[in-house]
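Here is the structure we will look at, set down as structure tokens.
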2 protein chains.
Amino acid sequence: MSLLIDDVGELVTNDHTLGDGPLGVICDAALVVDAGRVLWAGPRRSVPEGAATERYDAAGRCVIPGFVDSHGHLVFAGDRAAEFAARMSGRPYAAGGIRTTVAATRAADDAALDAGVVRLAAESLRSGTTTFETKSGYGLTTADEARSLRVAGRHTDEVTFLGAHVVPPEYAGRPDDYVDLLCGEMLDACAPLARWVDVFCDRGAFDGDQARAVLQAGMARGLAPRVHANQLQHGPGIQLAVELGAASADHVTHVSGADIDALASGTTVATLLPAAEFSTRAVYPDARALLDAGVTVALAADCNPGSSYTTSLPFCIAVAVREMGMTPSEAVWSATAGGARALRRTDVGRLSPGARADVVLLDAPSHVHLAYRPGVPLVSRVWRGGDLAWSAQ
Amino acid sequence: MSLLIDDVGELVTNDHTLGDGPLGVICDAALVVDAGRVLWAGPRRSVPEGAATERYDAAGRCVIPGFVDSHGHLVFAGDRAAEFAARMSGRPYAAGGIRTTVAATRAADDAALDAGVVRLAAESLRSGTTTFETKSGYGLTTADEARSLRVAGRHTDEVTFLGAHVVPPEYAGRPDDYVDLLCGEMLDACAPLARWVDVFCDRGAFDGDQARAVLQAGMARGLAPRVHANQLQHGPGIQLAVELGAASADHVTHVSGADIDALASGTTVATLLPAAEFSTRAVYPDARALLDAGVTVALAADCNPGSSYTTSLPFCIAVAVREMGMTPSEAVWSATAGGARALRRTDVGRLSPGARADVVLLDAPSHVHLAYRPGVPLVSRVWRGGDLAWSAQ
């Protein structure tokens, strides 16, 4: 089956050779999908004759690539609504709350963990996400980390080992012993189940030396690095990420000029997670400064029960525009093409020939509406790999 | 037909005599609806036998009263996405942009205006709003204001005359002549079509004397007053609202101690519109200071194409908690019971016996999730007047 998506008022391709600006916008456009891939994208008047066997009428609305959410923690049990409500009455956010979710996750059976990922993946699909990464990090034993990765791997190819999320309670006061466990037995068991290795390098979690040891141990087993860097305070995480050639440094909230220079000169994407700052009442990262320095910026949801319990990239886009100095176009690019860069993927995050046909139809005439209409569910229809994956009533 | 909504994990009644705290929360609850009204609300174990002919299983989820959105501008044509995108690149918000929508609205036919209200009302229903107010204010001629009110009146009982939105271009430099028109011919034609009279009393709109003249002229024709006060700068709007016994002063962003004292001592609700500050990158009102002084606070969406193009009260709740010092419980109260107070309605905004059965089922265990899960559409099912009005897939 091939499909012509016709009468697209505004088509965001993210290919500047096909359309205007970095988003590669084509007005009054059409898109041809064949065998799960984009076969053709261009102005409606130039659609190749007989291009497709079926036709969908977008009725002048906007089509964008599916969101690529490059940072999530979907394998967990329980919630932390009470901690959230207390924080909103004045208590500060601390990484230690992670241990609440560790206890709940260890106590949950596989079916419950699986059901949680299914629920959140479906929710994220409804808001336009067609590729998502997810991490372990609420197990923190060899067995619980491995099963978290197995659960994750049933739902996405982008699986990240985050045994180095926090030091678990049974290693309190002996963090280096836990790092030894991570770098030995735990990575031996977990590396075959993941693509990426990640470390939370921050206050209350792991320092630069510990982070380097874990990342290098993962890399020695074939995993590619990414780093939770500089969320809670300034630290060595960003420099370490760039030095090791990490695909992404995530959070990037507290940065120095040297951090920005390092990111601008390297290949590491800065993945910003505005919903985390929203839900912890923290200062927002300065996306404008990063963009102006030439850093590649991604936006991701950071879905997790402690600091950012959302799956909505449209919400992240609206907050990034409001709070971080991004234009609506930059924010949409960062949540699609930027996310793909942060996962080193070339097959998603764009709608140009050869890309996977992950297509989102908005109930709006322009991508600007994702920021202009905050909180309104605008995603009307989602195709993934050319197949209809969700449609609003 | 009568309906038992059973196995409600958390029922928000907004009746402190029925449950805990100002929200009147009952855990493990049930609700009985008969003839469009709430017949009974209480703990599940005490449901009266044979109370209802039908049963709906809420499966442990949270039920709240439908949102009461007491401030909207739904009768308009066109959008201002380009103005929004320019503002997010640095241009400030000014009331003058309203004239763009005035031109589009005057040029639209009745069917187009009607279709716009239908679309936005359906959207707001999907996010849990079961009562909404809407205003004229994009016509600014006697004929165009009257037809805007007629359009509004086809969709809601809460219709507000806002001929005093801005001075229209044809009266540029002669604002007092426009006030004379408002206070004479225009109110003669419009008062029979509305319940409320409102004035935008602010920089670039109307001063205190002009606002008083319009409000008093409306009151003389049987309309009840409400006031757009102190959005863009400090001014006389709040004091005027309290003095005239207005149901609500709306925005309430730039306030003095005397303003807070006036609100606390009077019967005027302070209706805060956080999405407007969100979308104009303006400073947020200090809900905490108002609440601590004993002021009754409502939250509303202020849906309009210039400064706040959202219909989502869940979004407003999340922003109010993040930015305005409200707890999740206070914000949920303000978007339900608070909105009802701002419209002087006793039949909505609560789920206690006698209330209209406007019932919202959340796909979440607690009302806290409305703030804890920002951007995620959590509304699963909506009954209005006891009838199923919307349900998610």
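Naming: A, B, ... by sequence-line order, numbering from 1 per chain.
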Please state whether the side chain, the backbone, both or neither of [X] comes within less than 4.5 Å of a heavy atom of chain B.
| X | answer |
| --- | --- |
| A:Pro374 | both |
| A:Ala122 | neither |
| A:Ala275 | neither |
| A:Ala301 | neither |

What's the separation between atom [atom1] in [X] and atom [atom2] in [Y], rounded to the nearest 0.5 Å?
| X | Y | atom1 | atom2 | result |
| --- | --- | --- | --- | --- |
| A:Phe76 | A:Leu74 | CZ | CG | 7.0 Å |
| B:Leu362 | B:Ile64 | CG | CD1 | 4.5 Å |
| B:Cys62 | B:Leu370 | SG | CG | 7.0 Å |
| B:Leu11 | B:Cys27 | CG | SG | 9.5 Å |

Part of [X] within contact of chain A (heavy atom distance under 4.5 Å):
| X | answer |
| --- | --- |
| B:Ala282 | backbone |
| B:Ala371 | both |
| B:Leu120 | side chain |

When you scan chain B against chain A, which donor-acceptor pairs turn up at less than 3.5 Å?
from, atom 1, to, atom 2, distance (Å)
B:Asp79, OD2, A:His369, NE2, 3.2
B:Arg80, N, A:Tyr372, OH, 2.7
B:Glu123, OE1, A:Arg373, NH1, 3.0
B:Glu123, OE2, A:Arg373, NH1, 3.4
B:Glu123, OE2, A:Arg373, NH2, 2.7
B:Glu277, O, A:Arg322, NE, 3.4
B:Glu277, O, A:Arg322, NH2, 3.0
B:Phe278, O, A:Arg322, NE, 2.7
B:Arg281, NE, A:Val321, O, 3.4
B:Arg281, NE, A:Arg322, O, 3.0
B:Arg281, NH2, A:Val321, O, 2.5
B:Ala282, O, A:Arg322, NH2, 2.9
B:Tyr284, OH, A:Arg322, NH2, 3.3
B:Pro305, O, A:Tyr372, OH, 2.5
B:Tyr309, O, A:Arg373, NE, 2.9
B:Thr310, OG1, A:Pro374, O, 2.6
B:Val321, O, A:Arg281, NE, 3.4
B:Val321, O, A:Arg281, NH2, 2.5
B:Arg322, O, A:Arg281, NE, 3.0
B:Arg322, NE, A:Glu277, O, 3.3
B:Arg322, NE, A:Phe278, O, 2.7
B:Arg322, NH2, A:Glu277, O, 3.0
B:Arg322, NH2, A:Ala282, O, 2.9
B:Arg322, NH2, A:Tyr284, OH, 3.3
B:His369, NE2, A:Asp79, OD2, 3.1
B:Tyr372, OH, A:Arg80, N, 2.6
B:Tyr372, OH, A:Pro305, O, 2.5
B:Arg373, NE, A:Tyr309, O, 3.0
B:Arg373, NH1, A:Glu123, OE1, 3.0
B:Arg373, NH1, A:Glu123, OE2, 3.4
B:Arg373, NH2, A:Glu123, OE2, 2.7
B:Pro374, O, A:Thr310, OG1, 2.6
B:Trp390, NE1, A:Gln393, OE1, 3.0
B:Ser391, O, A:Gln393, NE2, 2.9
B:Gln393, OE1, A:Trp390, NE1, 3.0
B:Gln393, NE2, A:Ser391, O, 2.8

Which pair of heavy atoms, one from [X] and one from [Y], lies closest together, and at what distance?
| X | Y | value |
| --- | --- | --- |
| A:Cys316 | A:Pro274 | O-CG, 3.6 Å |
| A:Gly128 | A:Val382 | CA-CG2, 4.3 Å |
| B:Pro285 | B:Met324 | O-CG, 3.2 Å |
| A:Val360 | A:Gly66 | CG2-CA, 3.6 Å |
| A:Leu125 | A:Ala389 | CD2-O, 3.6 Å |
| A:Pro328 | A:Val368 | CB-CA, 4.2 Å |

(message) Below 4.5 Å, heavy-atom pairs only: which of B:Pro305, B:Ala392, B:Gly90, B:Ala364 has the largest tally toward chain A?
(response)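 Going by pairs under 4.5 Å, I would pick B:Pro305.
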